[in-house]
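Encoded as structure tokens, the structure appears first; notes follow it.
One is the number of the first residue; the rest follow in order along the sequence. For ligands, and for the atoms within them, numbers begin at 1 and follow the listed sequence.
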Amino acid sequence: MRLLLLLAALGLSWAQYNPNTKPGRTTIVHLFEWRWADIASECERYLGPNGFGGVQISPPSENIVITNPNRPWWERYQPISYKICSASGNEQAFRDMVTRCNNVGVHIYVDAVINHMCGAGGGSGTHSSCGSYFNTGSRDFPAVPYSSWDFNDGKCKTSNGEIHDYSDANQVRDCRLVSLLDLALEKDYVRGKIADFLNNLISIGVAGFRLDAAKHMWPGDIKAILNRLQNLNTKWFPAGTKPFIFQEVIDLGGEAISSSEYFGNGRVTEFKYGAKLGNVIRKWNGEKMRYLKNWGEGWGFMPSDRALVFVDNHDNQRGHGAGGASILTFFDARLYKMGVGFMLAHPYGFTRVMSSFRWPRNFVNGKDANDWIGPPRNPDGSIKPVSINADTTCAGDWVCEHRWRQIKNMVIFRNAVDGQPFTNWWDNGNSQVAFGRGNKGFIIFNNDDWNLDVTLKTGLPAGTYCDVISGQKENGRCTGKQISVGSDSSARFQISNTAEDPFVAIHVGHKL
Ligand code: QV4
Ligand code: CA
């Protein structure tokens, strides 16, 4: 009884840290700017069968349409209403996606833009993705409806209403981020409109939310909104399940606002992860892979069970939000695969894989002048469907990192080693490193400028394993390298420093 009371008291904290993925599914993928119809197909034909736990989708809410530059990807971060109506599809397509993905065990995580509406200079008219009227001058968004009462114009203390100084927590929360009209989240009415929006998505069957720009919202205001949310749809989730919450807070240290302020609401994005990992894999600033031995909290990251981790995201892969030169992306494919491979093998955090579209970079004075370019589009502005080549890659400018064999197979690796401890670390004192996950999996990297040839204890049962980086197990044989583990669990690894993929990963799921 006393224990129950204690649990009930602890339960007062609303937070939902469990990602609500199906048992044995441990990673989500961000299908950036994909259409709902394509995501539905991808769940059925690829994500379900390959063990992905879910999809982070681009914002589904109605947004402003920007034609100069021509429909930048970022127009979707400027809401006009909470109608489910965007270039990715309408509400009917959205419902169909959620149903079909849930039915194959792949859950949907919505990017929720609730800190603000569109930019102050958005004008007035019906240039929105569903044709809803709005007027930024009078702060009028009748399709919600919001009016001038519902914004923070009076509360912000800076001269022009914009955020200038990130060392002042008040202005970061109460002023406008790049002119985006800042909602008065302390108002009961505003909280109610946002809760209605999120509850509609929950009733359709989504599993959780990325809270965009969480740093720009007071943690207490977020909590008040979360307190109004209903439990997940029992058609697909156990009764009493709360939506998974992960909050976008960029905390690289040195600012007024820190990630830990948000732990009471759910998980938080750990931006140090990709920035530091990029430095290590690129071997900048004297970094070596051997320093990864205490990766995680040992590097000053937040607690593992609070962290949402990723190598790159839709912002920092193009120099937005905490973008830095060290961030690894598909443009550096060889290093990127190592980085994602390391992330998916390592137990720290809940992992998200990025899936991008390609654009022509154009660096002018160190900044990409094409950082605004949106997804592949038809002449009328609609997003092009994702079509799949015979070799399983994606056609056109859809990069589909999640379909790269090395990355897809490491998602499966992570599922296979779920819950296993970090074991059998080895390094050569430089950038050749290896580690195991209990008796289920083992991975080894050669990021030095010379060959690797070493015999190591893997922790795995004796037998022949297929390397899932150079190939995989198919029809009872290995299509790539084969690794034999002896009765003492040791195995010999040879990796050339010039190999396209200088790493090897084996796990019990791909044993002959
Ligand atoms: C511009 C000027 C402003 C000026 C304004 C005048 O920069 O100084 O006041 O015009 O009208 C776009 C443009 C931006 C423009 C703004 C308003 O890029 O130049 O302001 O629109 O018209 C994405 C993009 C932004 C984009 C925004 C809205 O990254 O470039 O702004 O969408 O369309 C911080 C935050 C963090 C944030 C990160 C990018 O702490 O929360 O910056 N990350 C999230 C999302 C991100 C999104 C937003 C937040 C906003 O991941 O994709 O920004 O929803 O670190
Ligand atoms: Ca705000």
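- With a 4.0 Å heavy-atom cut-off, ligand 1 is reached by the side chain of Trp73 but not by its N, CA, C or O.
- An N or O contact shorter than 3.5 Å links His320 to ligand 1 by distance.
- Proximity of Arg76 to ligand 1, defined as any heavy-atom pair under 4.0 Å, is not found for any part of the residue.
- Neither the backbone nor the side chain of Gln247 comes within 4.0 Å of ligand 1, counting heavy atoms alone.
- Contacts between Arg176 and ligand 1 below 4.0 angstrom, taking non-hydrogen atoms only, are absent altogether.
- For atom 2 (C) of ligand 1, no protein heavy-atom neighbour is found at a distance under 4.0 Å.
- In summary, the aromatic rings of His320 and Trp73 are positioned with their centroids under 6.0 Å apart.
- For Tyr146 and Phe141, the ring centers are positioned 6.0 Å apart or more.
- In this structure, atom 11 (O) of ligand 1 lies nearest to the protein heavy atom Ser179 OG, 3.6 Å.
- Looking at Asp397 and Arg358, a side-chain N of the basic residue comes within less than 4.0 Å of a carboxylate O on the acidic one, giving a salt bridge.
- Under the 3.5 Å distance criterion, with hydrogens and angles disregarded, no donor-acceptor pair is assigned to the side chains of Asp140 and Ser138.
- Using a cut-off of 4.0 Å between Lys/Arg side-chain N and Asp/Glu carboxylate O, Glu255 and Lys215 are scored as salt-bridged.
- Counting heavy atoms only, Val178 comes closest to atom 20 (O) of ligand 1 of the residues Thr136, Ile64, Val178.
- A cation-pi contact, defined as under 6.0 Å to the ring centre and within 45° of the axis, is absent between Arg210 and Tyr109.
- The protein heavy atom nearest to atom 54 (O) of ligand 1 is Asp212 OD2, 2.7 Å.
- In this structure, the protein non-hydrogen atom closest to atom 42 (O) of ligand 1 is Gly321 CA, 4.0 Å.
- By the criterion of a heavy-atom distance under 4.0 Å, the side chain of Leu180, and not its backbone, is placed next to ligand 1.
- Classification of Glu186 and Lys155 as a salt-bridged pair holds, one side-chain N sitting under 4.0 Å from a carboxylate O.
- Around the Ca ion (ligand 2), the protein atoms of type N, O or S found under 3.0 Å away are Asn115 OD1, Arg173 O, Asp182 OD1, Asp182 OD2, His216 O, listed by chain and number.
- With ligand atoms numbered from 1 in the order given, ligand 1 contributes 45 (C), 51 (O) to contacts under 4.0 Å with heavy atoms of Arg210.
- Judged by a 6.0 Å distance limit and a 45° cone about the ring axis, Arg267 is not positioned over the six-membered ring of Phe244.
- The distance criterion of under 3.5 Å between nitrogen or oxygen atoms is not met by Glu75 with respect to ligand 1.
- Using modelled atom types and a 3.5 Å distance limit, the side chains of Ser356 and Glu401 yield a donor-acceptor pair.
- Below 3.5 Å of separation, one finds an N or O of Glu248 facing an N or O of ligand 1.
- For Glu270 (side chain) and Met302 (main-chain N/O), a donor-acceptor pair under 3.5 Å exists by modelled atom type.
- The cationic atom of Arg361 (NZ for Lys, CZ for Arg) lies less than 6.0 Å from the six-membered ring centre of Phe331 and within 45° of the ring axis.
- Close contacts between ligand 1 and His116 involve ligand atoms 50 (C), 54 (O) [criterion: under 4.0 Å to a heavy atom].
- The protein heavy atom nearest to atom 35 (C) of ligand 1 is His216 NE2, 3.2 Å.
- Looking at ligand 1, you'll find an N or O of Gln78 within less than 3.5 Å of one of its N or O atoms.
- A side-chain N or O of Arg76 and one of Ser88 form a donor-acceptor pair less than 3.5 Å apart.
- Residue Ile250 touches ligand 1 through its side chain alone, judged by heavy-atom distances below 4.0 Å.
- Between the side chains of His116 and Gln78, no donor N or O sits under 3.5 Å from an acceptor N or O.
- Side-chain contact between Trp218 and Asp174 is present, with heavy atoms from C-beta onward closer than 4.5 Å.
- For atom 51 (O) of ligand 1, the nearest non-hydrogen atom of the protein is Asp315 OD2, 2.5 Å.
- The closest approach between a heavy atom of Met217 and any atom of ligand 1 is not below 4.0 Å.
- At the top of the distance list for atom 18 (O) of ligand 1, counting protein heavy atoms only, stands Trp74 CE2, 3.5 Å.
- A donor-acceptor contact closer than 3.5 angstrom links the side chains of His314 and Tyr77.
- Side-chain contact, Asp168 with His164: no donor N or O sits under 3.5 Å from an acceptor N or O.
- The closest protein non-hydrogen atom to atom 34 (C) of ligand 1 is Tyr166 OH, 4.2 Å.
- Side-chain atoms of Asn233 come within 3.5 Å of backbone atoms of Ser203 as a donor-acceptor pair (strictly under, hydrogens ignored).
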